[in-house]
Amino acid sequence: MTGLLLISTSLIALLGATLLVLARLEPQHRHIGEWGWSHICLAAGLALGVALAPADTQSLHYRLQATVATAVIIASLALQLAGAAHYARRPWSWRLLLPVFGLLLAAILGLALAQQRLGVIAGALILAGGAWLAGAWLWRMGEAGERFVAACFFASGLVHLSGPLLDPLARSVLTHVFGTYVQGVLAMALILLSVRRAHQETERVNARLRQLYEQSMQGLVVLRDGRAVYANPAALAMFGFDGVDQVGAIAPLIAAADADAVQARYTALLQRRRGHAAWEGERCRRDGSALYLRGSSSYIEWEGGPALLELMLDDTERQRATEALRRQALHDELTDLPNRHAALARLAELTRPGGPGFALLSADLDRFQLVNESLGHEVGDALLQAIARRLREALPPEALLARLGEDQFLLLQPGIDDDAAAQLAGQLLLALLTAPFAVGHRALYVHLSVGIARFPAHGRDGAALLRAADMAMHQAKQLPGAAAVIFQPAMAASAGSLLEIEQALAVAIERGEFQLDYQPKFASGSRRLAGFEALVRWQRPGQGRVSPADFIPAAERTGQIVTLGALILREAAGRLRAWQQQGLAVLPVAVNVSPLQFEDAGFADWLLALVREHGLAPASIEVEITETAAMTHMDRVLPQLARLREAGVGVAFDDFGTGQSSLTLLRRLPITTLKLDRSMVDPLPEPSAGAIVRAACVLAEALGLTVVAEGVETELQATEVERLGCTHLQGWLLGRPLGADAAGALLSAPSSGH
């Protein structure tokens with residue numbers, strides 16, 4: 001009997017061990033291990049409690065061994081239920097259920113102490129109930145395999161109940177023989193069920209993975225010995241194949257420029273047999289078209305041998321977009337020439353220390369704006385495109401032609417080391433544009449103004465060279481027709497001086513660094529004081545007096561002449577008021593007014609308000625406007641001069657004889673005074689010069705105008721202009737420009753005529 005029981009328990013333990021081995025192969029399936037340990041514990045419990053139990057049931061040895069056997073069997077029950085719960089995906093908590101199994105153990109032991117048969121019956125009932133509960137859980141899953149195992153659990157429960165029914169101590173041979181077969185079948189069923197579950201899980205995971213990489217937009221390719229042994233649909237689509245068998249060797253799919261790098265990367269990964277390497281580059285599709293990929297290469301084992309896994313993303317569109325943006329950033333959209341950014345980048349490369357000499361030519365189209373205004377911007381754009389095409393086709397390949405702006409081009413001409421070669425390059429550039437351009441139905445002639453700078457003679461970096469070429473180009477624009485001018489250092493000094501004055505003007509106006517001198521005017525014949533001309537002077541702190549010939553043009557270029565002109569008029573009005581308050585006779589003070597001041601339609605009203613504010617008579621102020629300003633701004637100047645003249649303000653026509661004014665213009669202008677330029681007075685008393693002055697005086701007399709002769713420096717000149725009919729004299733012979741105090745003193749002198 002004992003031998004049979006030991007064989008039975010050993011078989012159960014062996015099946016449990018088989019489950020434990022399977023559990024090590026599938027550690028993610030907890031139920032396999034729990035069922036394995038359940039069989040081990042059941043075998044141990046049966047061996048201790050039945051097969052190896054002492055004959056003396058009343059001895060302490062028996063009681064202790066029976067207690068251990070019972071505990072082990074209860075553990076077997078707990079593990080059996082835990083495995084069934086985990087297999088059926090039911091909740092299970094050892095922390096909550098261990099006390100329950102402890103109470104069951106205590107109940108069995110307590111009954112056994114009272115009467116051994118009661119303990120055996122209680123144990124059989126608990127084991128049967130546990131087996132049936134496990135069977136119920138699996139039965140509800142509905143699958144044939146699970147229901148077969150559930151039936152085995154139900155049969156196991158019947159075996160447990162048959163024990164006390166056939167033998168008071170559950171030692172019946174029939175029970176143990178039948179139990180051995182049931183447990184064996186159950187164990188085998190559990191093994192098969194666990195294997196099937198593991199296989200199903202593996203298949204499910206594989207299906208998910210297959211779905212992921214089959215439907216992934218990322219290409220996956222497995223390479224072995226330079227050939228593709230697997231490729232997912234995304235990779236096949238990237239390269240234009242229908243199946244991996246069409247791919248074969250991958251060498252033809254790699255761009256020639258990347259072939260060596262790819263081979264080196266593959267060799268390194270296969271030698272290390274680990275790691276991965278990121279890469280990107282151009283590849284070729286099946287039809288030969290290019291695509292750009294970003295990817296990663298990793299070492300893997302594939303079907304028992306070394307291989308490489310390639311993960312790839314098609315980055316072609318982004319690369320094209322990036323290239324398009326890069327091209328847009330470095331190319332002019334209209335002419336498809338490199339733009340300013342590209343030219344500056346190339347300049348930075350060419351101006352590295354020790355680099356060879358080259359010439360930089362800055363070329364600007366003359367009067368291009370006239371084309372846009374008269375023929376339209378479409379014609380202007382077409383003309384620029386035609387110029388770009390002609391120059392690009394004619395220039396040598398090593399030259400870089402770029403478009404900097406609206407009508408400005410830049411040419412970098414390598415291999416030029418002296419001014420003669422640079423000048424020749426400029427002349428050749430001009431010659432390329434001699435022939436007309438056919439734009440639409442028109443033949444358009446264009447002229448360039450070209451400024452030339454050489455590296456390293458005229459600048460050691462791109463910015464300095466570009467400035468030098470631009471300065472030379474602006475000098476070329478001062479010459480008639482097409483011209484090419486080489487940069488000279490004096491140009492930089494002149495440009496720097498102009499910029500410095502322009503920058504200092506605003507500060508000077510704010511600080512009040514300007515003052516007025518007053519040059520007296522005298523009546524012909526009597527030589528009595530008849531008025532003043534206010535002349536602005538700039539006394540720069542630490543630098544002395546700045547010539548008006550320098551700062552007046554700068555003020556007009558920058559628009560600051562408006563603020564400066566207002567300051568001069570206020571100063572002149574304030575000085576007249578001061579003289580008036582001193583009781584001095586207020587003689588007219590003439591102030592030069594820039595045409596830019598007349599841009600403000602309210603200038604005349606502002607000036608009249610200024611005169612009233614200072615309590616002056618309108619006739620005490622005389623505005624002087626040049627002949628050129630009157631002619632070029634007639635529509636704005638004429639109405640405001642009429643407004644001033646009507647209010648009593650004197651209007652002088654300055655620098656008469658230097659422009660191209662007509663008799664009709666003199667008749668239309670509401671002027672009171674004609675000022676003869678000193679260029680008409682200097683030649684006197686030459687007869688021809690006298691004839692011109694006399695004609696001007698006759699004309700002025702006919703129009704009712706006073707005539708002021710400027711620049712009278714000799715008595716001979718003064719006598720002659722008086723004889724010819726000039727009504728007033730102005731010049732150093734009679735009076736140089738005076739400060740405000742000196743001019744006031746002149747007014748108070750007895751000979752002043754007041």
Side-chain angles (χ1 to χ4, degrees), residues 514-539 544-552 555 564-565 567-580 582 584-594 616 619-627 649-658 671-682 684 705-715 717-718 721-722 726-749 751-754:
F514 295 93
Q515 64 186 41
L516 292 183
D517 282 353
Y518 298 87
Q519 185 171 21
K521 292 188 290 186
F522 297 90
S524 296
S526 65
R527 308 285 177 91
R528 297 171 67 88
L529 182 63
F532 295 95
E533 180 182 359
L535 304 174
V536 65
R537 298 291 184 258
W538 181 9
Q539 191 70 29
R545 179 162 288 190
V546 181
S547 170
D550 292 331
F551 71 81
I552 292 296
L564 180 59
L567 183 150
I568 293 169
L569 284 166
R570 286 195 186 95
E571 174 65 23
R575 180 53 53 189
L576 282 168
R577 181 178 182 180
W579 287 338
Q580 184 173 274
Q582 294 172 18
L584 300 177
V586 178
L587 298 179
V589 173
V591 180
N592 287 279
V593 177
S594 168
L616 303 173
S620 61
I621 289 287
E622 183 180 55
V623 297
E624 292 189 2
I625 184 166
T626 63
E627 180 181 357
V649 175
V651 179
F653 197 32
D654 197 13
D655 297 338
F656 180 75
T658 60
I671 59 177
T672 57
T673 302
L674 196 65
K675 299 189 71 174
L676 304 183
D677 187 73
R678 66 182 306 142
S679 62
M680 297 177 66
V681 176
D682 279 344
L684 294 175
L705 307 177
T706 58
V707 181
V708 178
E710 294 184 298
V712 178
E713 297 183 355
T714 66
E715 183 59 37
Q717 289 175 338
V721 295
E722 287 176 329
C726 293
T727 60
H728 293 80
L729 311 180
Q730 183 179 346
W732 282 19
L733 173 66
L734 302 176
R736 297 193 175 197
L738 304 171
D741 293 339
L746 182 62
L747 279 172
S748 63
S751 60
S752 63
H754 58 87

(request) Return the minimal non-hydrogen interatomic distance between Pro520 and Leu746, and the atom names on each side. (result) CB-CD2, 4.0 Å
(request) Might you point out which heavy atoms bring Ser526 and Ala523 nearest each other, and give the distance in Å? (result) OG-CB, 3.8 Å
(message) With no hydrogens and no angle check, just 3.5 Å: does a side-chain donor-acceptor pair link Thr727 and Ser524?
(response) no
(message) Rounded to the nearest 0.5 Å, what separates atom OG1 in Thr673 from atom CG in Asp654?
(response) 10.5 Å
(request) Please check if any side-chain donor atom of Gln515 sits under 3.5 Å from a side-chain acceptor atom of Gln539, or the reverse. (result) no
(request) State the CD-OG distance between Gln582 and Ser748, to the nearest 0.5 angstrom. (result) 8.5 Å
(request) Give the minimum heavy-atom separation between Leu584 and Gly744, together with the two atoms involved. (result) CD1-O, 3.7 Å
(message) Testing the basics here: between Ala572 and Leu516, what is the closest heavy-atom pair and its distance to 0.1 Å?
(response) N-CD1, 3.7 Å
(message) Would you say that Gln717 contacts Arg678 through its side chain, given a criterion of any heavy-atom pair below 4.5 Å between the two side chains?
(response) no
(message) My understanding is that only residues two or more places apart in sequence, or in another chain, count here; which of them pass ring pair (Phe, Tyr, Trp, His ring centres under 6.0 Å) with Tyr518?
(response) Trp579
(request) Please report the C-alpha distance between Lys521 and Glu622 in whole Å, then the side-chain angles of each, then the deciding distance to 0.1 Å, and finally whether the salt bridge (charged side-chain N to carboxylate O under 4.0 Å, His left out) criterion is met. (result) CA-CA 13 Å; Lys521 292 188 290 186; Glu622 183 180 55; 3.2 Å; yes
(request) Would you check if Leu564 and Ile552 make a side-chain contact, meaning some heavy-atom pair closer than 4.5 Å? (result) yes
(request) Taking the side chain as every heavy atom from C-beta outward, state whether Phe532 and Pro737 have any pair of such atoms under 4.5 Å apart. (result) no
(message) Set out, in order, the CA-CA distance, both residues' side-chain angles and the distance that settles side-chain contact (heavy atoms from CB on, under 4.5 Å) for Glu571 and Val536, then state yes or no.
(response) CA-CA 10 Å; Glu571 174 65 23; Val536 65; over 6 Å; no
(message) Please report the interatomic distance CD(Glu533) to CD(Glu710), rounded to the nearest 0.5 Å.
(response) 6.0 Å
(request) For Leu734, check side-chain contact (heavy atoms from CB on, under 4.5 Å) against everything at least two apart and list the hits. (result) Phe522, Arg527, Leu729
(request) With sequence neighbours excluded, tell me which residues meet salt bridge (Lys or Arg N to Asp or Glu O under 4.0 Å) with Arg537. (result) Asp517
(request) Output yes when a side-chain donor or acceptor of Glu722 lies under 3.5 Å from a complementary backbone atom of Gly525, and no otherwise. (result) yes
(message) Taking the side chain as everything from C-beta on, heavy atoms only, tell me whether Val708 gets closer than 4.5 Å to Leu674.
(response) no
(request) State, with a plain yes or no, whether a side-chain heavy atom of Leu576 is found less than 4.5 Å away from one of Ile621. (result) yes
(message) With a 4.5 Å cut-off on side-chain heavy atoms, are Glu715 and Leu733 touching?
(response) yes
(request) Mind listing the closest non-hydrogen atom pair of Pro588 and Ala530 along with its distance? (result) CD-O, 3.7 Å
(message) Restricting to non-hydrogen atoms, name the atom on Leu747 and the atom on Ala585 that form the minimum distance, rounded to 0.1 Å.
(response) CD2-O, 3.6 Å
